[in-house]
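The block underneath contains the structure these notes are about, expressed in structure tokens.
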Amino acid sequence: MALVFSSCGLGAVMNLSALKTNVSSSHKKFLTCKRSKIVASNQGTNTTASYSALATEPLTKEDLIAYFSSGCKTKEMWRIGTEHEKIGFDVKTLRPITYEQITALLNGISERFDWDKVMETGTIIGLKQGMKNISLERGCQLELSGAPLETLHQTYDELHSHLYQVKTVAEDLGIGFLGIGYEPKSSREDATIVRKRRYDIIQGYLDRTGSGPDLGLRTCTVQVNLDYSSETDMIRKFRASLALQPIVTALFANSPFSNGKPNGFLSIRSHLWIDTDKNRTGMIPFVFYDSFGFERYVEYALDVPMCFLHRNKSYLNCRGMTFRDFLSGKTSHLSHEQPTINDWENHIGTIWPEVRLKRYLEMRGADGGSREMLCALPAFWVGLLYDEECLQAVLDMIADWTTEEREMLRTQVPVTALKTMFRDGPLKHVAEDVLKLAKDGLERRNYKETGFLDAVAEVAITGVTPAEKLLKLYNGDWGQSVDPLFHEMQY
């Protein structure tokens, strides 16, 4: 749930007049906002605040719609962005890494591999190198937000370079990192908490909504960010990817252990999201309504309670006010603050549906896993969404899936994965059909990328998820201990 670093998209943001060719006519009335209010960055992307907000005129809803419209890119400019998190542990004790160890790791990577340090109140909290960022989740999970890349071969190279750098420094510190979706052994109380002010505010908000703290402390995911060419293209890709997100959760299920024993789920990471603030998570059914588009997503986000404002290197608690209230000035304790486009960008980063709209689409359904599975996820989505024939085939496949069926899959898949019954058979059959489409899409790209699907194709063919393989080892060779997992799943 990285809230600051973005990892996809290209070049300077389009000017507002250019957006008129990329959105439907129903939104043309929203394209007249003054140029002084949204200034395109010349630094490319992969940074928050790609826009600069000038206080010449108040921010409007039309500006928020234009923000999403500015993500439209021609097909030749589409890129692939990958984000993945890793759980650190002490190799001698198997306990979670300490804050001293993770800061030593960041300092070591910076010094040995020429990364710039990201500091907060005098403490290192991340690294930056070009368009790549390394950041820390609340439980000290190490996350790489990769650069926007053209091919899956480049994604593979980026991943292996990153893991090599991490391993090189980590070995000297006596720590390692796991490719799994949930910390398998230690308790919540054992977790090392990264003290970032924004994390504290967000966790306080989630605690008040009845959501547990485990999401930020013990979960790990791999996410893929992909571009769209127009509002219509965004709608089609959003619908296809949202409907198929439970298929991905099933294929990549890899979090069957908690507190040293099986937890009853194949993806407890995915299950935990079900019980997290329903205002900002889930399968958001309005995506499938005829009225869906940039404006409808803006309407949704406007009514989600805000977590924080970032002002002068400090974080201000919004105490649950909505962005709509903020925009209209209906707020008391922050009445002196004026909304900016950066506030909007931070706000939509604290909304976590299974697919998230930014100036790209973010696929959020997969557990963290092995390096082969980390490469398989972008291959899966690129094959399906960047090939028009495959995208249409997916839309035809899901056209008659009901809201109730999509919700059933979202709820049941974390428990039974590919064995989940869907219509006339197990979900495994749907997964196999979808994998065939993804392979066809990659073949038509002509980059020789289909091999990156091998790991996930094996899961679809056998119907055995990574989590089920781990459970078999736990009940067999491992003698009902999770300790061997730390060697088996270490990068």
Side-chain angles (χ1 to χ4, degrees), residues 1-9 13 38 41 45-53 59 63-65 67-68 70-71 81-85 118 120 125-126 128 131 133-138 141 143-146 148 194 196-206 209 211 215-216 219 221-227 238 273 276-277 279-282 284 294 297-298 300-311 313-318 320-324 326-327 339-365:
M1 70 173 76
L3 305 178
V4 171
F5 300 124
S6 305
S7 72
C8 189
V13 177
I38 303 178
S41 166
T45 58
N46 205 39
T47 58
T48 300
S50 296
Y51 289 83
S52 298
L59 195 70
D63 298 327
L64 310 183
I65 296 168
Y67 171 85
F68 290 123
S70 73
T82 310
E83 305 177 35
H84 41 85
E85 302 162 353
V118 178
E120 183 175 293
I125 60 168
K128 181 174 177 60
M131 300 180 78
N133 299 281
I134 295 175
S135 58
L136 299 178
E137 289 297 304
R138 190 164 184 263
Q141 303 96 316
E143 177 177 11
L144 174 71
S145 295
V194 175
K196 293 183 185 179
R197 174 59 176 156
R198 72 174 185 275
Y199 286 170
D200 292 340
I201 293 174
I202 291 171
Q203 191 57 58
Y205 172 82
L206 293 177
T209 64
S211 307
L215 282 171
T219 56
T221 185
V222 52
Q223 300 170 357
V224 176
N225 304 324
L226 298 177
D227 289 314
F238 207 138
W273 278 109
T276 299
D277 185 13
N279 286 320
R280 64 183 77 236
T281 61
I284 47 176
F294 292 135
Y297 197 88
V298 166
Y300 159 66
L302 280 171
D303 290 324
V304 174
M306 296 175 67
C307 291
F308 61 80
L309 292 179
H310 191 206
R311 294 288 188 273
K313 299 183 180 180
S314 298
Y315 291 88
L316 308 178
N317 194 330
C318 289
M321 76 174 178
T322 66
F323 206 95
R324 190 183 301 278
F326 187 37
L327 203 63
T340 70
I341 204 70
N342 291 350
D343 295 332
W344 177 246
E345 189 165 33
N346 283 330
H347 174 57
I348 61 174
T350 64
I351 300 173
W352 308 298
E354 291 298 285
V355 176
R356 177 162 65 184
L357 178 63
K358 292 187 174 178
R359 284 181 293 146
Y360 48 86
L361 286 167
E362 183 179 89
M363 313 292 130
R364 299 177 50 81

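Numbers for residues simply follow the sequence, beginning at 1. Predicted model only: the values in this text are computed from it and were never measured.
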- Query: Going through the checks in order, is the side chain to side chain contact (heavy atoms under 4.5 Å, CB included) test met by V304 and H347?
  - Reply: CA-CA 9 Å; V304 174; H347 174 57; 4.0 Å; yes
Any donor-acceptor N/O pair, T350 side chain to C307 backbone, under 3.5 Å = no
Closest heavy-atom pair, F294 versus L357, reported as atoms and distance to 0.1 Å, is CD2-CD2, 4.2 Å
Look only at the side chain of R198 and the backbone of Y315, and say whether a donor-acceptor pair between them is shorter than 3.5 Å.
no
For R197, the salt bridge (charged side-chain N to carboxylate O under 4.0 Å, His left out) test, sequence neighbours excluded, returns none
CG of D303 to OG1 of T322, rounded to nearest 0.5 Å, is 6.0 Å
**Asked** Would you say E143's side chain and E83's backbone share a donor-acceptor pair under 3.5 angstrom?
**Response** no
Exercise. Would a 4.5 Å heavy-atom cut-off, applied to side chains only, mark T82 and Q223 as touching?
Worked result: no
Problem set entry | CA sep, side-chain torsions, deciding dist, call: I284, F238, side chain to side chain contact (heavy atoms under 4.5 Å, CB included) | CA-CA 11 Å; I284 47 176; F238 207 138; 3.8 Å; yes
Closest non-hydrogen contact found for D277 with T281 is O-OG1, 3.0 Å
Distance col, row T219:OG1 vs Q141:CD, nearest 0.5 angstrom, shows 5.5 Å
To the nearest 0.5 Å, atom NE2 of H84 lies from atom CG of L144 at 4.5 Å
| Are Y297 and Y300 close enough, and set up right, to give a ring-ring contact (aromatic ring centres under 6.0 Å, His included), and what steps lead you there? | CA-CA 5 Å; Y297 197 88; Y300 159 66; 5.4 Å; yes
Side-chain donor or acceptor of D343 paired with backbone N/O of T340 under 3.5 Å = yes
NE2 (H310) and CG (L316) are apart, to the nearest 0.5 Å, by 9.0 Å
Q) Using the ring of each side chain (for Trp, its six-membered ring), is F323 parallel, tilted or perpendicular to F326, with breaks at 30° and 60°? A) perpendicular
Nearest heavy-atom approach of F68 to I348 is CE2-CD1, 3.8 Å
In terms of heavy-atom contacts, L302 and L327 come closest through CD2-CD2, 4.2 Å
One should read off an interatomic distance between D200 CG and Q203 CD, to the nearest 0.5 angstrom, of 8.5 Å
Please report the C-alpha distance between W273 and R364 in whole Å, then the side-chain angles of each, then the deciding distance to 0.1 Å, and finally whether the side chain to side chain contact (heavy atoms under 4.5 Å, CB included) criterion is met. CA-CA 11 Å; W273 278 109; R364 299 177 50 81; 3.8 Å; yes
Note: D227 and Y360 closest approach over all heavy atoms is OD1-CB, 3.9 Å
Note: E137 and V194 closest approach over all heavy atoms is O-CG2, 3.3 Å
In this structure, CH2 of W352 is separated from CD1 of I202 (nearest 0.5 Å) by 5.0 Å
**Item:** I341/L64 under side chain to side chain contact (heavy atoms under 4.5 Å, CB included): CA gap, chis, key distance, verdict
**Value:** CA-CA 7 Å; I341 204 70; L64 310 183; 4.1 Å; yes
